[in-house]
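Report on one structure; see the data block that follows.
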Amino acid sequence: MATEGVDRRAEYQRIADTVRDAIQAGDYRPGDRLPGENDLMAAYGVARMTARQALGLLQSEGLAESRKGAGVFVRSFRPLRRRGVERLSRERWGAGLSVWSADTGDRTLVVDQLSVAEEPAAEGVARVLGIGPGDAVCVRSRRFVLDGKPVLLAVSSLPAALVAGSAITGRDTGPGGTYARLGELGLAPAHFREEVRSRMPSRDEARRLSLAPGTPVMLICRTAFTAEGRAVEVNEMTLDSASYVLEYDFDA
């Protein structure tokens with residue numbers, strides 16, 4: 001029979017909870033060094049593995065980050081509030097603004113690891129775009145780095161026949177990005193669908209996003225449709241879950 005009042009949390013969870021409470025109370029500020037493994041072992045009388053698990057839990061939650069040779073510190077990176085409805089407004093990209101401008105404000109955003117190529121469409125992408133498997137798609141792959149922290153990987157696929165000769169096939173799509181260029185082609189997005197899932201990252205994703213061990217990723221697959229219901233883009237995004245707050249603000 002279960003005993004009432006028994007704390008069934010593992011020891012490392014109790015330690016992590018205590019340190020988390022101290023962070024939230026302001027006892028440790030962004031950038032402050034947290035007690036290390038040796039400190040936690042001495043303070044709580046636990047084994048090194050238990051202390052390591054406690055610190056690892058705080059890192060996986062995005063509250064702390066490890067700096068090689070220096071220790072574990074309170075994370076100073078502010079999570080990005082992704083405004084899922086506002087950022088895709090036609091008023092924004094139609095005016096030449098990046099969809100990211102709704103999220104980042106005055107923070108520094110850099111796009112790197114950019115590649116643009118024509119490739120055969122994968123079966124799932126082809127099905128959504130309404131083209132044949134293996135038909136050519138323009139694939140735009142890039143990484144987004146905010147305030148020096150990699151936060152998102154994105155791979156967009158568009159039917160090559162639709163965007164041939166446009167700036168979409170180049171490295172710089174210009175003001176308003178891909179959606180503004182689609183508008184110039186008479187293919188302006190009028191409706192979007194986003195599907196959100198989560199899982200643990202692949203080794204390559206963890207490396208490219210500089211993820212702490214145990215940190216999951218969020219997967220967002222967005223499809224852009226014209227007013228006639230034609231799918232013109234599939235954008236498969238991989239997000240560092242500890243770097244994001246997903247916000248959806250809409251009327252009832």
Side-chain angles (χ1 to χ4, degrees), residues 2-87 100 102-109 144-153 196-201 205-206 208-220 237-250:
T3 303
E4 292 185 8
V6 173
D7 188 345
R8 297 190 178 281
R9 293 172 299 168
E11 187 68 26
Y12 78 91
Q13 292 174 319
R14 288 195 288 271
I15 296 171
D17 289 347
T18 300
V19 178
R20 186 190 305 104
D21 289 344
I23 294 172
Q24 294 173 346
D27 297 338
Y28 298 105
R29 308 294 296 176
D32 285 353
R33 185 181 184 278
L34 292 173
E37 292 178 9
N38 290 337
D39 301 317
L40 296 178
M41 290 166 61
Y44 295 95
V46 295
R48 182 173 301 277
M49 181 56 67
T50 301
R52 184 171 300 167
Q53 286 178 304
L55 292 172
L57 180 57
L58 295 171
Q59 292 177 64
S60 69
E61 293 175 353
L63 290 175
E65 60 185 359
S66 176
R67 301 177 189 172
K68 190 172 183 179
V72 177
F73 295 77
V74 179
R75 198 178 190 197
S76 56
F77 179 85
R78 288 182 291 128
L80 178 64
R81 187 167 293 275
R82 183 182 187 271
R83 296 176 168 85
V85 176
E86 179 184 349
R87 69 198 312 271
W100 277 78
D103 308 330
T104 57
D106 59 358
R107 301 175 72 176
T108 302
L109 178 70
F144 293 84
V145 181
L146 184 67
D147 294 341
K149 169 70 177 74
V151 294
L152 179 142
L153 309 174
V196 182
R197 296 180 291 126
S198 65
R199 60 165 168 76
M200 297 307 296
E205 290 166 343
R208 294 178 65 194
L209 289 172
S210 300
L211 299 178
T215 304
V217 291
M218 291 185 289
L219 308 177
I220 299 180
M237 294 165 275
T238 305
L239 293 68
D240 170 11
S241 64
S243 294
Y244 274 90
V245 174
L246 303 186
E247 178 183 294
Y248 296 93
D249 185 3
F250 46 86

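- Within a 6.0 Å radius of CE in M200, other residues, nucleotides and ligands contribute more than 12 heavy atoms.
- Checked against salt bridge (charged side-chain N to carboxylate O under 4.0 Å, His left out), D32 has no partners two or more places apart in sequence or in another chain.
- Listed by chain and number, the residues in a salt bridge (charged side-chain N to carboxylate O under 4.0 Å, His left out) with E247 are R81, R83 (sequence neighbours excluded).
- The two residues L211 and T215 make their nearest non-hydrogen contact at CD1-O, 4.1 Å.
- Residues passing the salt bridge (charged side-chain N to carboxylate O under 4.0 Å, His left out) test with R29: none are found, sequence neighbours excluded.
- The closest side-chain heavy-atom distance from R199 to E205 is below 4.5 Å.
- Legend: residues meeting salt bridge (charged side-chain N to carboxylate O under 4.0 Å, His left out) with D17, ordered by chain and number and at least two apart, are R9, R20.
- To the nearest 0.5 Å, atoms CG (D240) and CG (L153) are separated by 9.5 Å.
- In terms of the side chain to side chain contact (heavy atoms under 4.5 Å, CB included) criterion, residue partners of R197 (sequence neighbours excluded) are, by chain and number, L219.
- Summarising the geometry of R82 relative to Y248, their closest heavy-atom pair is NH1-OH, 3.7 Å, with the distance given to 0.1 Å.
- The side-chain heavy atoms of L63 and L58, taken from C-beta on, include a pair separated by under 4.5 Å.
- Minimum heavy-atom separation, F73 to R67: CD1-CD, 3.5 Å.
- For the pair E65 and K149, the salt-bridge criterion is not met [side-chain N within less than 4.0 Å of a carboxylate O].
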- Item | Pair Y44-T18, side chain to side chain contact (heavy atoms under 4.5 Å, CB included): steps then yes or no | CA-CA 11 Å; Y44 295 95; T18 300; 3.3 Å; yes
- Stepwise side chain to side chain contact (heavy atoms under 4.5 Å, CB included) test for L152 and I220: CA-CA 10 Å; L152 179 142; I220 299 180; over 6 Å; no
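- Under a 3.5 Å cut-off, the side chain of D39 and the backbone N or O of G36 do form a donor-acceptor pair.
- The two residues L239 and L209 make their nearest non-hydrogen contact at C-CD1, 4.4 Å.
- The shortest heavy-atom contact between A16 and A54 is CB-O, 3.8 Å.
- Remark: E37 engages R48, A51, R52, L55 in a side chain to side chain contact (heavy atoms under 4.5 Å, CB included) (not counting sequence neighbours).
- Looking at M218 and L246, their side chains come closer than 4.5 Å, going by heavy atoms from C-beta outward.
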- Please lay out, stage by stage, how V72 and Q59 fare under the test side chain to side chain contact (heavy atoms under 4.5 Å, CB included). CA-CA 8 Å; V72 177; Q59 292 177 64; 4.0 Å; yes
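- Atoms CZ and OG1, on R87 and T104 in that order, are 9.5 Å from each other to the nearest 0.5 Å.
- Minimum interatomic distance between V145 and P150 (heavy atoms only, all atoms of both residues): CG1-N, 3.9 Å.
- Between Y244 and W100, the angle of the ring planes goes over 60°, which puts this pair in the perpendicular group of the 30/60° scheme.
- For the pair S243/L80, no side-chain contact is recorded, criterion being any heavy-atom separation below 4.5 Å from C-beta on.
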